[in-house]
Peer 1: 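Can you read through this structure? Questions will come right after.
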Amino acid sequence: MNDEELPVNAELASAYLDDELDPLERAAVDTDPDVMSMVDSFFRVRAMLGEPLAVDAGTRTAAITAALAEFDARQLPSVAAASAVLPASATITSLQSRRMRAYRVVTGVAAALVIGVVAVAALNASRGNDAKSSSASANTSVSAGAAADSATEPQLKIAAETAAPTDASGTAAASGAAPFESASSAGPEIDSRDALKQYAAELQATQAPTAPAPATPSRSSCLTSDQTVLGPIVYQGRAAVAVRKQSTGVLQAVDAIDCHVLGEVAP
Amino acid sequence: MPRVEHARGSSLAAIATQLADHELVTAAQGGDRGALDQLLRRHYDRVHAVCRRITGHEADAADAAQDAMIAIVRNLDRFDGRSSFGTWAYRIATNASLDELRRRKRRPMPTSNDDREHPHTEVADPDSDRRVDAIGDHMALDVALRSLSDDYRLPVVLRDVADLDYAEIAAVLEIPAGTVKSRIARGRAALAKALTADDGNQSTDPERPSRAP
C-alpha cells in the first residue's frame, strides 16, 4: 500500500477507533458521516481480529510443559547449590583445574587404600586370620587393587569390578561406604545426558523402587531429601553420583568431590 | 449505543490484571513454579492468537507460541517491570512469529491446494448460511492478513489482537508512535477493503462505536 492508496481520513478514523484523538478532533469526526463509515469498517476488522481463536488443549499443554521444563532445568542448579553444604570459600574454578584436582584426590584415596590393604593383609598373615574376617577389607582389597592399577591413569575411572550400581536405597557400594566417599565403586561410565537417562531407566527396570536414602554424615549431605541416590557413576570422566529428584523426576549427575551438578536431564 | 471502551490502561479490569501479573511474575522470578504455570496459562491463548495472526498458519503459530513460552521463561529474570508483562510477552511472541516466518520461507512452500489452515466450508445443513458467511469472512481476513507486509500486519495485530496501545506497539516494534498510527490505519484500510470486496457490501454492525463520548 502506498500513499495514493490510503483512503482519505483513514488515519483519523483509525485513531478515533483507538481513542487516540483529542476531544475536539473526536467531535469533528462524530459529525462526519464519511469518516464514521470508515470507523465502522475498521471496527468490523478489529472485531474479527479480536475474536478468540480456538486453541487446541494439547497444543497449549505441550507449550506450557516445555516452558516449565525449561524453568525446572534452570532452577535445579540453584536449588542444588542452595541445599548443598559447600565450603564458604567455594569459588568457580576452571574445568581443567577441577578435573586435575579431582584426579589428585582420587589417586590419593586410591593410594591410601592400597597402603591400608597391604597393612591389613600383613597383619592377617602374621596372625593367621581368615581373609574374610573383614568383609570391608575384602571388598576394598578387590577394588583397591583395581584402583591401584588405574591410579596412574589420568581418567577417574577406577574400578570395573564393582561397576554394578547401587540401588535406590542408597546402600551404596558393597563396601558399605557412602557413594561420595567411595572412589572404589566408580560405576559405569556415562558421557551424556541421554546416557544418564538410559542408565536410570535400566536401573528402574531391574530394581524395585525403594525409599530415598537418609542423608549420611558425609559429603553426601549435600543432597536433599528430595534426591534419591541411584548409584555411583563416572560422568564425563569425573567421579560422580547419579541422583533422581523425587519431586520432578529429573536425573542429575552430581560431582562426587564438590557436589556440583555436572549434568541433568528431564525424565 | 454504549461506547466501545478502548482505554485499556485506565480500566479497573486492566489494572487488576496487571497487578496480578506483577505478583505472579515476582513469585516466578523467585522460583515459584506454580506462579509461573499460572502466568503462562493466563497469557498463552493471546500469545497464540498473536502468533496465529502474524504467521497465518496454525502449525506455525503453535511452534511460534511454544518458542515464545520458552523464551519467556529464559528471559524472565531480565523482565524489570517497566512495561506490563503482556507487552513484554507479546514482543517475544512477535519475534518468535517472525522467526517462524523466516524459517518457513526456507522450507518448501505448501501447495495452493493445501487447505489445512482453512476450515472446510461444505456445510450439510442448508440453513447455516450465516455460519458459512462467517467462515468466508475469516478466510478472507486470513488471506488479506497474509497479503499485508510485516510493516502493516504487525502493528494491526498488536493493536487488535494483543490490545496494546500505540506507545506499547512503538516499544515492541521499535518505531515511532506516529509511524505506528499511520501503519495501523493503512493495515486496517487494506483489510477493510478486502472484507468489503469479499462481501460485496458493508454490513451494519449494531455494536459500532457510538458517536457519544
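The chains referred to below are lettered A, B, ... by the order of the sequence lines, with proteins before strands, and numbering in each begins at 1.
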Peer 1: Could you look at B:Leu76 and say if it's the side chain, the backbone, both or neither that has a heavy atom under 4.5 Å from chain A?
Peer 2: neither
Peer 1: Could you have a look at A:Pro23, A:Ala66, A:Pro52, A:Gly50 and say which one has the most heavy-atom pairs with chain B under 4.5 angstrom?
Peer 2: A:Ala66
Peer 1: Is B:Arg42 atom CZ crowded by more than 12 heavy atoms from other residues, nucleotides or ligands, each under 6.0 Å away?
Peer 2: yes
Peer 1: A:Leu68, A:Thr59, A:Val45: which one forms the most heavy-atom pairs within less than 4.5 Å of chain B?
Peer 2: A:Leu68
Peer 1: With a 4.5 angstrom heavy-atom cut-off, which part of B:Tyr166 approaches chain A: side chain, backbone, both or neither?
Peer 2: both
Peer 1: Enter the distance from B:Met69:CE to A:Ile64:CD1 here, rounded to the nearest 0.5 Å.
Peer 2: 6.5 Å
Peer 1: Should A:Arg46 and B:Asp163 be marked as a salt bridge (charged side-chain N to carboxylate O under 4.0 Å, His left out) after you check the CA-CA gap, both sets of side-chain angles, and the distance that decides it?
Peer 2: CA-CA 10 Å; A:Arg46 187 171 74 176; B:Asp163 202 24; over 6 Å; no
Peer 1: So which of A:Ala13, A:Ala15, A:Ser14, A:Ala10 has the largest heavy-atom pair count under 4.5 angstrom toward chain B?
Peer 2: A:Ser14
Peer 1: Chain A heavy atoms under 4.5 Å from B:Ala68: which part of the residue, side chain, backbone, both or neither?
Peer 2: neither
Peer 1: To the nearest 0.5 angstrom, please state how far the CG atom of A:Asp18 sits from the CG atom of B:Leu164.
Peer 2: 11.5 Å
Peer 1: Show your reasoning for whether side chain to side chain contact (heavy atoms under 4.5 Å, CB included) applies to A:Glu51 and B:Val161.
Peer 2: CA-CA 8 Å; A:Glu51 284 180 11; B:Val161 180; over 6 Å; no
Peer 1: Looking only at heavy atoms, which two atoms of A:Phe42 and B:Ala185 are closest? And how far apart?
Peer 2: CZ-O, 4.1 Å
Peer 1: If you measure from CZ on B:Arg188 to CD on A:Glu11, what distance do you get to the nearest 0.5 Å?
Peer 2: 11.5 Å
Peer 1: To the nearest 0.5 Å, what is the distance between CG on A:Leu49 and CZ on B:Arg153?
Peer 2: 11.5 Å
Peer 1: Is it the side chain or the backbone of A:Ala27 that comes within 4.5 Å of chain B heavy atoms, both, or neither?
Peer 2: neither
Peer 1: Can you list the steps and then say if B:Leu195 with A:Met48 is a side chain to side chain contact (heavy atoms under 4.5 Å, CB included)?
Peer 2: CA-CA 10 Å; B:Leu195 289 176; A:Met48 290 182 67; 3.6 Å; yes
Peer 1: Taking every heavy-atom pair that is under 4.5 Å apart, which of B:Leu191, B:Asp45, B:Val156, B:Leu40 has the most such pairs with chain A?
Peer 2: B:Asp45
Peer 1: Once rounded to the nearest 0.5 Å, what's the spacing between atom CD1 of B:Ile70 and atom CZ of A:Phe71?
Peer 2: 14.5 Å
Peer 1: So which residue, B:Ala49, B:Ala62, B:Ser182, ends up with the most heavy-atom pairs under 4.5 Å with chain A?
Peer 2: B:Ser182
Peer 1: What part of B:Arg53 is in contact with chain A, defined as an atom under 4.5 angstrom from a non-hydrogen atom: side chain, backbone, both or neither?
Peer 2: side chain
Peer 1: Does any backbone or side-chain atom of B:Ile184 lie under 4.5 Å from a heavy atom of chain A? Answer side chain, backbone, both or neither.
Peer 2: both
Peer 1: CZ of A:Arg60 to CZ of B:Arg41: how many Å apart, nearest 0.5 Å?
Peer 2: 8.0 Å
Peer 1: Measuring heavy-atom distances to chain B, does A:Leu53 have an atom under 4.5 Å in its side chain, in its backbone, in both, or in neither?
Peer 2: side chain
Peer 1: Can we say B:Arg74 and A:Glu70 salt-bridge, meaning some charged N sits less than 4.0 Å from an Asp/Glu carboxylate O?
Peer 2: yes
